[in-house]
Structure formats: structure tokens, C-alpha cells
Amino acid sequence: MFELFETNPPVNVQESEYKRLLGYPKNHALDGRPRELADRARQWFSKNGRPWFYARQITALELANDKVRVNGTEFSSKQLHDQFVEAQADNALLVAVSAGKECEEKARELWREGKPDEYFFMEMFGSAVVEHLVTVASGRICGWADQNGSAVLPHYSPGYSGWDISDQNKLWDLIRQTGARHFDGKLEVLDTGMLRPKKSQLA
């Protein structure tokens, strides 16, 4: 059974991805104050951020009536169901990633201090970290799958097209059932499906 939990994994956010989230054109070169703000956010996170990610294989997968049932938990996404059917999937991988609460708290502090530019760059760096962690976790999962003669579908999350955000709570409950010992105080899902820290993702 595959299970992976990494705390403080190396974070190497690509400049191109950070610029994309900041809203700059692909070939735009950051300089002056934007360069300073971008570097400051990156340096702060490297010293103070506490990112992590978790993944676990679940072999109890049922596909019927356009619904997906994972370890007894039913999800009503027809698109998820159809992806699994087309791929002839026989198991699922639950994934949670988070940039940690630290960058969110720092961004909030910057906003309270009346520093909207610093706030924005910190917020976007947190988002870039989440995307990076998803990529790193996917790479680890794909490496394991290759060794076991399997293939992995692209990650898919509640809130994406075809999967209602209301399933976020059910997915989080399922992830905690299988890996509860890892998550004390690290992540919370609100009734609305919003994650806290918000710079996090379930898939």
C-alpha cells in the first residue's frame, strides 16, 4: 500500500510560474520594485514556510451509476466517474498539499500594516508553492506507479469543472480516516468547502 507524507519538502517555484500568477506576460523580466518584492517573498518563505504534502493509495474503488465510491465514501462527480471508467482504474490516490499557515499569516500581517504590494506578492507566492507541491507529489506518485506497472491520471479536485466544491468535506474526511496521525492542526475544511490554510489543495 502506497503512502507518502513529506514535511518541509524542498520548494523550487519556477520564475515563470510565479510571474504567471502575478499577472505578468511570459517573457516579461522583473526588475526594480517588482523584482525586490518577488525576491523578498521567496526569501521569507524559504526561512519561515512549513509546506507539506500527503498521498495514500486506496484500493477500495467502486464505479457505478455515474458515481464514484472510495473506501465507502460516495462522490457524485460524473466526470470523475467517467475518467476512472475510461482509464479502467482499479484504485484511487488521495492527495493533500499545503503551503502551511505561515505565509497566509504573514500576508495578513502585511495587509494590516498597510502594505498591499507586499501582501499581493506573498499571496501569489503561496499559490505558486501549492502548484509546485502538486507537481512534486505527482512526480513521486508517478515514479511509484512506473515501478509497479501502472499509470496515474492528472490530479482532479472538488471545485474543478464537473466536481462540486461541496464534496471537499467528504474528501477531507476520507483523507483523515486513512492518515489522521499526520494532520493534527495542519488543515481544516470549513462547511463551505473552503480550506484553512487557504493555500492548500485536496485531490
Side-chain angles (χ1 to χ4, degrees), residues 1-7 9 11 17 20-21 51-100 126-203:
M1 186 71 67
F2 175 78
E3 184 177 33
L4 176 67
F5 182 58
E6 289 199 24
T7 57
V11 172
E17 291 305 302
R20 178 181 61 81
L21 290 170
W52 57 268
F53 63 81
Y54 172 83
R56 182 179 175 87
Q57 177 192 21
I58 301 292
T59 57
L61 175 66
E62 301 173 57
L63 306 170
N65 302 318
D66 293 335
K67 297 183 185 300
V68 176
R69 188 174 290 106
V70 181
N71 212 32
T73 297
E74 186 175 277
F75 300 103
S76 57
S77 170
K78 183 179 184 301
Q79 186 163 326
L80 180 63
H81 168 273
D82 291 350
Q83 287 179 4
F84 278 163
V85 169
E86 184 178 353
Q88 299 181 347
D90 56 10
N91 65 86
L93 281 146
L94 310 178
V95 179
V97 309
S98 179
S127 296
V129 169
V130 171
E131 290 191 3
H132 173 73
L133 292 176
V134 169
T135 300
V136 172
S138 296
R140 301 273 201 282
I141 292 167
C142 287
W144 163 79
D146 286 345
Q147 292 175 4
N148 289 273
S150 299
V152 181
L153 293 169
H155 75 278
Y156 189 49
S157 301
Y160 283 21
S161 176
W163 194 356
D164 196 278
I165 190 67
S166 63
D167 270 354
Q168 190 99 280
N169 283 281
K170 290 196 290 185
L171 180 56
W172 176 233
D173 287 344
L174 182 59
I175 290 172
R176 285 191 300 172
Q177 285 173 21
T178 59
R181 68 187 183 280
H182 298 303
F183 299 121
D184 186 29
K186 286 187 170 63
L187 186 62
E188 178 185 2
V189 180
L190 307 182
D191 291 341
T192 59
M194 186 174 179
L195 302 177
R196 184 187 290 165
K198 63 183 178 181
K199 302 302 182 184
S200 306
Q201 187 171 356
L202 308 181

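Index from 1, following the sequence. Bear in mind the structure is a predicted one, so any value in this text is a computation, not a measurement.
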A.B. asks: Evaluate the criterion side chain to side chain contact (heavy atoms under 4.5 Å, CB included) for residue pair H81 and K67; output intermediate values, then yes/no.
C.D. replies: CA-CA 6 Å; H81 168 273; K67 297 183 185 300; 5.7 Å; no

A.B. asks: Counting C-beta onward and ignoring hydrogens, is there a side-chain heavy-atom pair between L187 and I175 closer than 4.5 Å?
C.D. replies: no

A.B. asks: Output the distance between atom OH (Y160) and atom CD (Q79), rounded to the nearest 0.5 Å.
C.D. replies: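 Between Y160 OH and Q79 CD, I get 11.5 Å after rounding to 0.5 Å.
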
A.B. asks: F75 vs W163 aromatic rings, parallel, tilted or perpendicular, using cut-offs 30° and 60°?
C.D. replies: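 If you compare the ring of F75 with that of W163, the planes turn out perpendicular.
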
A.B. asks: Given K199, which partner from the list V129, V130, V97 fulfils the side-chain contact (heavy atoms from CB on, under 4.5 Å) test?
C.D. replies: V130

A.B. asks: Any donor and acceptor pair, going by atom type alone, linking the side chain of N169 with main-chain N or O of L190 inside 3.5 Å?
C.D. replies: yes

A.B. asks: Do P9 and L133 touch side chain to side chain, with heavy atoms closer than 4.5 Å?
C.D. replies: yes

A.B. asks: What distance do D90 atom CG and L61 atom CG have between them, rounded to the nearest 0.5 Å?
C.D. replies: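 Output value for this atom pair is 7.5 Å.
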
A.B. asks: Can any side-chain N or O of S200 pair as donor or acceptor with the backbone N or O of R196 at less than 3.5 Å?
C.D. replies: no

A.B. asks: Just so I know, are the side chains of V134 and F53 near enough to count as touching, which here means a heavy-atom distance under 4.5 Å?
C.D. replies: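 V134 vs F53: side chains apart.
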
A.B. asks: Assign the ring pair W52 / F5 to parallel, tilted or perpendicular, where the plane angle (0 to 90°) is split at 30° and 60°.
C.D. replies: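 Judged by the thresholds at 30° and 60°, the geometry between W52 and F5 is tilted.
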
A.B. asks: Which residue in the set D167, L63, T73 passes side-chain contact (heavy atoms from CB on, under 4.5 Å) when paired with V68?
C.D. replies: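 Of the listed residues D167, L63, T73, the side-chain contact (heavy atoms from CB on, under 4.5 Å) partner of V68 is L63.
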
A.B. asks: Do the non-hydrogen side-chain atoms of L21 and E131 ever get within less than 4.5 Å of each other?
C.D. replies: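 Counting from C-beta outward, L21 and E131 do come under 4.5 Å.
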
A.B. asks: Under the ring pair (Phe, Tyr, Trp, His ring centres under 6.0 Å) definition, can you give me all pairs with a residue in residues 127-151, not counting sequence neighbours?
C.D. replies: F2-W144

A.B. asks: How long is the gap from CG on L171 to OG on S77, to the nearest 0.5 Å?
C.D. replies: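 It is 11.5 Å, given to the nearest 0.5 Å.
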
A.B. asks: How close do S161 and Y156 get, counting heavy atoms only, and between which atoms?
C.D. replies: O-OH, 2.6 Å

A.B. asks: Show the numbers, then the answer: is there a side chain to side chain contact (heavy atoms under 4.5 Å, CB included) between M194 and Q168?
C.D. replies: CA-CA 8 Å; M194 186 174 179; Q168 190 99 280; over 6 Å; no

A.B. asks: So, taking the atom named CD1 in I165 and the one named OG in S157, what distance separates them when rounded to the nearest 0.5 Å?
C.D. replies: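 The CD1 atom of I165 sits 8.5 Å away from the OG atom of S157.
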
A.B. asks: Does any part of the side chain of V95, heavy atoms only, come nearer than 4.5 Å to the side chain of H155, both counted from C-beta?
C.D. replies: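 With C-beta onward as the side chain, the pair stays apart.
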
A.B. asks: For S150 and N148, does a side-chain donor sit closer than 3.5 Å to a side-chain acceptor?
C.D. replies: no

A.B. asks: Within the structure provided, determine whether L202 and V189 are in side-chain contact (heavy-atom separation under 4.5 Å).
C.D. replies: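 In contact.
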
A.B. asks: Under a 4.0 Å N-O cut-off, is there an ion pair linking D173 with K170?
C.D. replies: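 No.
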
A.B. asks: How many angstroms lie between atom NZ of K198 and atom CD of E188, to the nearest 0.5 angstrom?
C.D. replies: 14.5 Å

A.B. asks: Taking side chain as C-beta onward, heavy atoms only, is S76 less than 4.5 Å from D164?
C.D. replies: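 They are not in side-chain contact.
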
A.B. asks: If I take atom CG from residue L94 and atom CD1 from residue I58, how far apart are they, to the nearest 0.5 angstrom?
C.D. replies: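 Going from the CG atom of L94 to the CD1 atom of I58 covers 5.0 Å.
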
